[in-house]
Amino acid sequence: MVFNIQVIAPDRTVWDAKAEEVILPSSTGQLGILTGHAPLLTALDIGVMRVRIDKEWIPIVLMGGFAEVENNELTILVNGAEEASQIDLQTAQQNLDKAIEDLNQAESPKSKIEMTQNVRKARARVQAASTVST
């Protein structure tokens with residue numbers, strides 16, 4: 001059985017399809033969603049959402065937001081999202097290395113928080129791109 005998934009960013013609908021299973025990066029850990037899931041509203045962390053369609057897992061990077069499950073509909077509102085197939089692994093790895101370097105050089109508390117967020121986003125992109133590349 002399948003259910004509908006929509007991933008909506010401020011500037012566009014990133015994903016709108018039916019799937020058999022979804023694993024979300026919730027703020028309390030990984031959260032699996034299947035057909036018939038109880039109604040749910042949860043905060044999402046920066047990380048990789050995995051969508052299963054016909055035994056194939058498709059990774060999508062989410063930049064934090066919220067997810068709502070109701071009546072076999074999963075609606076995900078995010079600050080940003082990117083399909084892993086659109087990410088170049090080498091570029092993503094270079095961006096992660098740069099983000100880590102920037103974090104190590106950050107001096108103010110505000111700067112450290114911003115650089116930590118950048119590292120988390122870059123890590124998620126590398127993780128998603130690595131999944132597609134293998």
Side-chain angles (χ1 to χ4, degrees):
M1 295 187 70
V2 296
F3 60 98
N4 192 56
I5 303 165
Q6 277 194 312
V7 178
I8 303 167
D11 58 341
R12 66 189 170 104
T13 298
V14 178
W15 185 268
D16 188 358
K18 296 196 179 299
E20 296 151 0
E21 183 177 1
V22 173
I23 299 177
L24 295 170
S26 82
S27 58
T28 57
Q30 298 294 303
L31 176 63
I33 308 291
L34 297 167
T35 302
H37 197 286
L40 171 75
L41 180 62
T42 187
L44 298 177
D45 207 353
I46 295 169
V48 179
M49 171 178 86
R50 294 182 306 277
V51 179
R52 184 169 60 92
I53 301 174
D54 296 329
K55 298 182 182 179
E56 180 184 352
W57 287 95
I58 300 165
I60 300 172
V61 178
L62 303 180
M63 299 302 175
F66 294 91
E68 179 184 35
V69 179
E70 192 167 31
N71 299 325
N72 284 327
E73 296 271 332
L74 173 58
T75 304
I76 300 169
L77 303 175
V78 292
N79 299 323
E82 190 172 359
E83 290 185 54
S85 62
Q86 304 300 311
I87 300 170
D88 176 67
L89 179 57
Q90 184 176 356
T91 302
Q93 185 62 54
Q94 290 171 349
N95 291 341
L96 174 59
D97 295 342
K98 174 78 168 96
I100 291 170
E101 183 181 318
D102 291 346
L103 174 60
N104 290 335
Q105 294 176 2
E107 295 181 12
S108 71
K110 180 182 177 188
S111 179
K112 287 180 183 181
I113 290 169
E114 289 173 6
M115 295 305 118
T116 299
Q117 288 296 89
N118 290 342
V119 168
R120 293 178 67 217
K121 290 174 183 178
R123 270 201 185 112
R125 294 181 83 240
V126 167
Q127 179 186 354
S130 297
T131 304
V132 171
S133 299
T134 56

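Everything numeric in this text was worked out from a predicted model, so none of it was measured.
Here the closest heavy-atom approach between residue E82 and residue Q86 is recorded as OE2-O, 4.1 Å. Here the closest non-hydrogen pair linking P10 and N79 is CD-O, 3.5 Å. The two residues Q30 and I23 make their nearest non-hydrogen contact at OE1-CG2, 3.2 Å. When all heavy atoms of E107 and K112 are compared, the closest pair comes out as O-CE, 3.8 Å. In terms of heavy-atom proximity, A129 sits nearest to A84 at N-CB, 4.3 Å. The minimum heavy-atom distance linking I5 with V51 is given by the pair CD1-CG1, 3.9 Å.
Taking CD1 of I33 as the reference point, atom CZ of R52 lies at 13.5 Å (rounded to 0.5 Å). Note that CG of N118 is 9.0 Å distant from OG of S111, once rounded to the nearest 0.5 Å. Separating the CD atom in E21 from the NZ atom in K55 is a distance of 13.0 Å, to the nearest 0.5 Å. To the nearest 0.5 Å, atom CD of residue Q6 and atom CG of residue D16 are 4.0 Å apart. With rounding to the nearest 0.5 angstrom, the CD1 atom of I100 is 12.5 Å from the CD atom of Q105. Taken from CD1 in I87 to CD in Q127, the straight-line distance is 10.5 Å, to the nearest 0.5 Å.
No side-chain heavy atom of V69 sits under 4.5 Å from any side-chain heavy atom of F3. Residues M49 and V7 are in side-chain contact: their nearest non-hydrogen atoms beyond the backbone lie under 4.5 Å apart. Side-chain contact between I60 and V48 is absent, with no heavy-atom pair separated by less than 4.5 Å. Counting only heavy atoms from C-beta outward, the side chains of L24 and D45 never approach each other to under 4.5 Å. You'll find the side chain of L31 reaches within 4.5 Å of the side chain of L40, heavy atoms only. Taking 4.5 Å as the limit, every side-chain heavy atom of T131 sits out of range of all side-chain heavy atoms of W57. Looking at heavy atoms from C-beta onward, V126 lies in side-chain contact with Q93 at the 4.5 angstrom threshold. Taking 4.5 Å as the limit, some side-chain heavy atom of R125 sits within range of a side-chain heavy atom of M63.
Connection of L44 to I58 is established within a shared hydrophobic cluster, with ILVMFWY side chains joined at heavy-atom distances below 4.5 Å, either directly or through further cluster members. V2 and V22 fall into different hydrophobic clusters, defined by Ile, Leu, Val, Met, Phe, Trp and Tyr side-chain heavy atoms under 4.5 Å apart, directly or through other members. With hydrophobic clusters built from ILVMFWY side chains whose heavy atoms lie under 4.5 angstrom apart, L62 shares a cluster with V14. In the hydrophobic clustering of this structure, V78 groups with L74; members are Ile, Leu, Val, Met, Phe, Trp, Tyr whose side-chain heavy atoms approach within less than 4.5 Å, directly or through other members. There is a path of hydrophobic side-chain contacts, each under 4.5 Å, that joins L89 to L96.
Partner of L103 under the side chain to side chain contact (heavy atoms under 4.5 Å, CB included) criterion, chosen from K98, Q117, M115: M115.
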